[in-house]
Student: 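A single structure is presented below for examination.
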Amino acid sequence: MTPDDDLRLMARAIRLARHGLYTTDPNPRVGCVLVRDGRIVGEGFHRRAGEPHAERNAIDAAGELARGATAYVTLEPCCHHGRTPPCTDALLEAGVARVVVGMEDPNPLVRGRGLSRMAAAGVEVRTGVLEQTARALNPGFEKRMRGGLPYVRCKLAASLDGRTAMASGESKWITSDDARRDVHRLRARSSAVVTGIGTVLADNPSMNVRLGRDEFPALWPEEPPRQPLRVVVDSRLRMPLDAGMLSLPGATLIATCENSPRAIARANSAGAEVQVFPADEQGRVDLHVLLCYLAEREINEVLIEAGPTLAGAAMQAGLVDELLIYQAPHLMGDAARGLFRLPGIEAMAQRIALRIADVRRVGPDLRITLHPAVDAEPRNSLCET
């Protein structure tokens with residue numbers, strides 16, 4: 001196979017991996033293509049934790065034709081017993097002659113060991129093919145494995161003049177139906193959706209995925225959507241016991257600083273799960289500790305959908321990896337509420353630097369994707385082990 005063939009076939013494996021975008025959590029999304037004598041003889045992707053990995057699905061599809069084949073895998077094959085047996089064993093038993101890998105597995109239990117094991121067994125190994133594209137499949141899994149934190153997206157909807165609600169709090173709807181459907185897809189790929197108690201008290205949001213299979217073309221499983229964990233940051237435990245989200249399928253976690261057995265028992269009886277966290281300097285839930293806790297629960301990707309206070313606190317703490325702003329083509333005026341509450345920024349030198357990664361049209365609105373500037377001071381520190 002030529003280098004161009006390797007690129008083309010890895011791109012196909014990456015497309016296969018995307019079929020698991022909404023289902024593999026907490027496992028990574030992985031695709032595999034088996035090629036023999038220039039012909040694809042088997043392919044597969046990982047669909048769900050506990051089910052066969054992409055390599056085994058491809059081997060099953062190829063049967064005896066896997067012997068002597070080249071395997072294109074987006075992520076280094078695992079070499080440890082987890083929910084399923086090691087994929088390195090499956091590839092070696094199938095007689096694969098060559099393995100081309102998109103990226104090394106960041107899991108400390110694997111991290112290069114799978115590649116070394118196959119090379120020691122006489123399998124030709126090539127790594128780093130379309131690595132950046134392969135890494136983009138699993139930003140949360142990689143970040144959690146390397147540093148004990150989930151990948152955090154913060155989503156906000158704003159007018160052209162950067163307003164998120166009228167002075168009265170009215171905010172339905174700033175953006176279009178198309179933009180809101182796009183947000184539901186973000187929720188569906190997320191492990192957890194985080195909001196603040198202020199949003200709950202003002203809007204009584206559901207914070208769930210409310211789209212049908214036909215709105216996830218070629219990627220959606222046959223069963224209903226997996227609901228992400230709903231997380232409410234509620235420092236003083238003011239969560240209404242009749243909040244709409246508490247009666248919906250899926251779990252709701254209340255993150256609080258209020259260690260009141262009676263209040264906790266009431267919230268638990270209403271269907272919530274309460275977890276007490278230490279307070280930060282402002283007496284609010286320490287967001288860094290909360291994210292470390294979520295990572296311990298195998299949460300890979302977090303979507304923050306909140307008002308300016310929580311969104312601003314996450315930004316100032318350096319906890320946001322990706323900012324998504326849906327901007328609608330209208331003006332809401334000087335009295336309307338802004339995107340972030342960022343106290344203490346008084347000089348140009350104190351600005352939070354961002355870089356634009358993508359701008360695209362979503363219906364009549366724009367979706368702007370931003371990341372922290374490369375030269376920004378790193379504040380998103382690791383969790384203690």
Side-chain angles (χ1 to χ4, degrees), residues 22 25-26 150 152-157 164-165 168-173 180 183-184 186-212 223-280 282-311 313-314 319 341:
Y22 304 105
D25 201 71
V152 179
R153 294 182 179 90
C154 181
K155 164 263 166 184
L156 292 160
T164 62
S168 64
E170 179 188 359
S171 61
K172 294 184 178 179
W173 294 101
R180 292 196 295 277
V183 171
H184 278 274
L186 281 174
R187 287 182 187 176
R189 71 169 291 170
S190 301
S191 315
V193 179
V194 177
T195 194
I197 186 60
T199 298
V200 173
L201 294 174
D203 299 332
N204 192 24
S206 297
M207 308 303 292
N208 62 350
V209 180
R210 300 188 297 277
L211 290 180
E223 61 273 5
R226 173 190 59 82
Q227 295 294 339
L229 173 69
R230 295 180 291 270
V231 181
V232 179
V233 180
D234 181 8
S235 300
R236 291 182 286 158
L237 201 48
R238 296 181 291 155
M239 183 75 170
L241 301 184
D242 60 350
M245 68 176 69
L246 296 179
S247 61
L248 296 173
T252 299
L253 171 71
I254 300 176
T256 188
C257 304
E258 187 69 38
N259 194 6
S260 166
R262 181 176 296 179
I264 291 172
R266 285 198 300 267
N268 287 338
S269 66
E273 174 193 348
V274 180
Q275 183 70 30
V276 179
F277 292 92
D280 62 13
Q282 288 74 42
R284 302 178 300 208
V285 169
D286 188 310
L287 296 180
H288 184 267
V289 177
L290 170 59
L291 289 174
C292 290
Y293 169 79
L294 292 177
E296 290 174 0
R297 289 183 59 152
E298 297 188 302
I299 296 295
N300 289 331
E301 297 181 20
V302 168
L303 178 64
I304 297 177
E305 291 192 65
T309 300
L310 179 55
L319 297 171
R341 184 175 181 272

Student: Do Thr256 and Met239 have side chains that get closer than 4.5 Å, going by heavy atoms?
Tutor: no
Student: Within a strict 4.5 Å, meaning less than it, do heavy atoms of the Asn259 and Ile264 side chains meet?
Tutor: yes
Student: Here's a test for you: under side-chain contact (heavy atoms from CB on, under 4.5 Å), which of Met245, Met207, Arg238 qualifies with Val232?
Tutor: Met245
Student: Specify the closest pair of heavy atoms between Ser235 and Arg284, including all atoms of both residues, with the distance to one decimal.
Tutor: OG-CA, 3.3 Å
Student: Do you know which two heavy atoms are closest between Ala255 and Leu290, and how far apart they sit?
Tutor: CB-CD1, 4.0 Å
Student: Of the non-hydrogen atoms in Leu237 and Ala263, which two are nearest, and what is the gap between them?
Tutor: CD2-CB, 3.6 Å
Student: Treating Asp280 as the side-chain partner and Gln282 as the backbone partner, does any N or O pair qualify as donor plus acceptor under 3.5 Å?
Tutor: yes
Student: How about CZ on Arg236, more than 12 heavy atoms from neighbouring residues, nucleotides or ligands closer than 6.0 Å, or not?
Tutor: no
Student: Under a 4.5 Å cut-off applied to non-hydrogen side-chain atoms, are Arg297 and Gln275 in contact?
Tutor: no
Student: Working to the nearest 0.5 angstrom, can you tell me the gap between Leu291 CG and Ile299 CD1?
Tutor: 10.5 Å
Student: Calculate, to the nearest 0.5 Å, the distance between atoms CZ and OG1 belonging to Arg230 and Thr195 respectively.
Tutor: 12.0 Å
Student: Any side-chain heavy-atom pair from Leu287 and Leu310 closer than 4.5 angstrom?
Tutor: yes
Student: Between Asp25 and Ser191 (side chain of the first, backbone of the second, donor and acceptor by atom type, cut-off under 3.5 Å), is there such a pair?
Tutor: no
Student: Are Tyr293 and Leu253 side-chain neighbours, meaning at least one heavy-atom pair lies under 4.5 Å?
Tutor: yes
Student: May I ask you to test the Leu294-Leu229 pair for a side-chain heavy-atom distance under 4.5 Å?
Tutor: yes
Student: Using side-chain contact (heavy atoms from CB on, under 4.5 Å), reason through Glu305 and Leu186 one step at a time and then give a plain yes or no.
Tutor: CA-CA 11 Å; Glu305 291 192 65; Leu186 281 174; over 6 Å; no
Student: Shortest non-hydrogen contact from Leu246 to Gly271?
Tutor: CD2-C, 4.3 Å
Student: Quick check against the 3.5 Å criterion: does Asn300 have a side-chain atom that pairs as donor or acceptor with the backbone of Pro26?
Tutor: yes
Student: State, to 0.1 Å, how close Ile197 and Pro240 come at their nearest heavy-atom pair, and which atoms those are.
Tutor: CD1-CD, 4.3 Å
Student: So, for Trp173 and Arg180, which heavy atoms are closest and what is the spacing to 0.1 Å?
Tutor: CB-NH1, 3.1 Å
Student: Does any part of the side chain of Ser206, heavy atoms only, come nearer than 4.5 Å to the side chain of Leu248, both counted from C-beta?
Tutor: yes
Student: Would you check if the side chain of Arg187 reaches a backbone N or O of Val193 as a donor-acceptor pair within less than 3.5 Å?
Tutor: no
Student: Please confirm whether the backbone N or O of Ala251 pairs with a side-chain atom of Gln227, one donor and one acceptor, at under 3.5 Å?
Tutor: no
Student: Within a reach of under 6.0 Å around CZ of Arg341, are more than 12 heavy atoms found that belong to other residues, nucleotides or ligands?
Tutor: no
